[in-house]
Amino acid sequence: MTTTVPSPGRVEIPAPALPVAVRARGVRVYDEDGRAYIDGSSGPICVNIGHSVPEVLKVMREQAEEITFVHRSQFAHRAVEGLTSEILSITGSDFREVVYTNSGSEATETALRLAMLHHHRNGQRQRDVVLTQFPSYHGMTAGALGVSGHPARRAGLEPLHDRTASTLPVSSSDPERLLPDAGDWERAFAEIGPARVAAVMVEPVGGASSGAAELPDSVFRRVEELCREHGALLISDEVMTGFGRVGQWFGYRRANVVPDLIVTGKGLSAGYTPIGACVVGQRVLAGQSAADLAFGHTMSGNPLSAATALAVLQFTREHRLPERAEQLHQVARARLTALSSEFSFLGEPRGRGLLQALSVNREHAVAARRSGTPLPQLICTRARERGLILYPAGAHDLAQSVLIAPPLTIGCADLDLLFTKLESALRAVATELAEGEES
Ligand SMILES: Cc1ncc(COP(=O)(O)O)c(C=O)c1O
């Protein structure tokens, strides 16, 4: 079905043909025609605990009846205090404060703001560069796009953020390698001048930009060393990886590094309410004023969102979902490896925990892009026709892929069904590619 959004007095904007969702339970979303879809990507890698969990809905209902909103400058609220304690008990004593936002993008903005203020307070005003990876994302607001390694999302907006050197996504020096290695990071520090680097922001496992490319532990550690050596701050963007998705509470833990700021969103509330947070480490907290930390958005840290996120985190902890994601990693990886060796248009699988990607090999990715039908999109469309929702990824030819990231609560039978549907979708794509070659 194609829907059209009426726009009074202006042109009509055709919207893509999407099923109309009416209900969701666990790992399934239902449309108005009664079709069920396995949510194989947790929406945009967000619904970590599955849909409509009764314990969370109960808390939301009760909180809504008590109080939905007070402003943090006028009242404290127990749910907000409870959420802060819960987050800090997960991060441990290296972190001391949580600044709330309404999205991951705003949490990125907060991290950038606190990093810059930290250097200004310490008389280091020359630190005007934030290094990031190419490809990477970090968010859709102007500051976040300014440091993003996602060219398609930055396109046309360069005047907003390309006038200073603060935009420096670091690329791999090897065209066959997707992410920068330790040498690339060392060169970036040397070329820009280490005294100018305010911060490095990384995604421990990428999402829609790099297609679940993992930042290798050794590179993550070298980046941390470079930051310490040269007085820069380390920011871990855990919007997609945080709260269990990659088999640990946070992606940085695998590499044994300690960032100065953690950027979160998505899994913090698993999509039950809009909320993001920037978790502030000791080094950054020193010297920040209460006002710096209190500045935010009208809705930041509202009681309804805080109570909801707290219920989500308690559910995540009680059901040991980070451990579950780690256990299911191998199951998912074995199925993806089997599929990638069966279909010639697929490359190696990537990712950690239940953030995995089926990559498209470069030759097919380039050919399909040129023909106007990117293969990740085609695979997702064929999967949706079979009742499976997946997420296309790839801000670079080497990153073209489809993200497989079901809720961490998925049962073994549903995981099996997910892969059966995926295989059927891939067979349909293989047939279409073969027919295309013949004609
Ligand atoms: C790694 C990363 N950072 C930041 C963001 C932005 O978060 P939001 O969409 O909540 O603004 C995203 C969203 O996909 C993300 O994956």
Side-chain angles (χ1 to χ4, degrees), residues 41-48 99-113 115 130-150 152-154 157 161 169 178-179 199-215 220 234-246 248 250-252 259 261-279 296-297 299-301 305 308-309 312 350-357 376 389-396 399 401-405:
S41 60
S42 306
I45 304 62
C46 171
V47 189
N48 286 2
V99 180
Y100 293 105
T101 63
N102 306 298
S103 66
S105 301
E106 291 170 355
T108 294
E109 301 288 340
T110 304
L112 296 175
R113 180 169 65 81
V130 176
L131 299 177
T132 55
Q133 304 175 103
F134 169 75
S136 62
Y137 178 36
H138 305 307
M140 272 308 284
T141 45
L145 278 177
V147 296
S148 175
H150 198 310
R153 297 203 186 186
R154 291 171 64 137
L157 301 170
H161 43 67
L178 182 52
L179 293 182
V200 176
M201 176 151 56
V202 291
E203 297 169 353
V205 182
S209 59
S210 71
E214 274 183 86
L215 175 62
F220 208 162
L234 178 61
I235 307 173
S236 193
D237 179 347
E238 304 269 355
V239 172
M240 197 173 274
T241 48
F243 303 110
R245 172 59 59 189
V246 292
Q248 306 244 352
F250 292 105
Y252 70 81
L261 292 149
I262 311 171
V263 176
T264 74
K266 296 188 189 266
L268 173 56
S269 70
Y272 284 75
T273 188
I275 187 169
C278 174
V279 191
H297 310 271
M299 310 265 184
S300 303
S305 292
T308 307
V312 167
R350 288 193 288 261
R352 262 328 300 176
L354 280 184
L355 173 51
Q356 301 214 20
I389 304 297
L390 300 172
Y391 206 79
H396 182 287
S401 53
V402 171
L403 295 177
I404 320 292

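In this text, all values refer to a predicted model and were calculated from it rather than measured experimentally. Read the numbers this way: they start at 1 and go in the same order the structure lists the ligands and their atoms.
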So, is [X] polar-close to ligand 1, with some N/O to N/O distance under 3.5 Å?
X: Gly104; answer: yes
X: Lys266; answer: yes
X: Glu203; answer: no

Contact atoms of ligand 1, heavy-atom distance to [X] under 4.0 Å:
X: Ser103; value: 10 (O), 11 (O)
X: Tyr137; value: 5 (C), 6 (C), 12 (C), 13 (C), 14 (O), 15 (C), 16 (O)
X: Gly139; value: 4 (C), 6 (C)
X: Asp237; value: 1 (C), 2 (C), 3 (N), 4 (C)
X: Met240; value: 16 (O)
X: His138; value: 3 (N), 4 (C)

Can you name the closest pair of heavy atoms from [X] and [Y] and give their distance?
X: Ser148; Y: His138; value: CA-CD2, 4.3 Å
X: Leu355; Y: Gly206; value: CD2-O, 3.8 Å
X: Ala115; Y: Ala199; value: CB-CB, 4.4 Å
X: Asn48; Y: Ala270; value: N-CB, 3.8 Å
X: Val205; Y: Ala212; value: CG1-O, 3.6 Å

Problem set entry | Under 3.5 Å side-chain donor-acceptor pair for Ser210 and Arg350 | no
Exercise. So, Ser305 versus Thr273: side-chain donor-acceptor pair below 3.5 Å or not?
Worked result: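 Yes, side-chain donor-acceptor contact under 3.5 Å.
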Exercise. Closest non-hydrogen protein atom to atom 11 (O) of ligand 1, residue and atom name please, with distance?
Worked result: Ser105 OG, 2.5 Å
Exercise. Hey, what do you get for OG1 (Thr241) to CD (Glu203), rounding to the nearest 0.5 Å?
Worked result: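 Answer rounded to 0.5 Å: 8.0 Å.
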Exercise. Hey, is Glu106 touching ligand 1 through its side chain, its backbone, both or neither, going by heavy atoms under 4.0 Å?
Worked result: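 For Glu106, there is no contact with ligand 1 at all, from either part.
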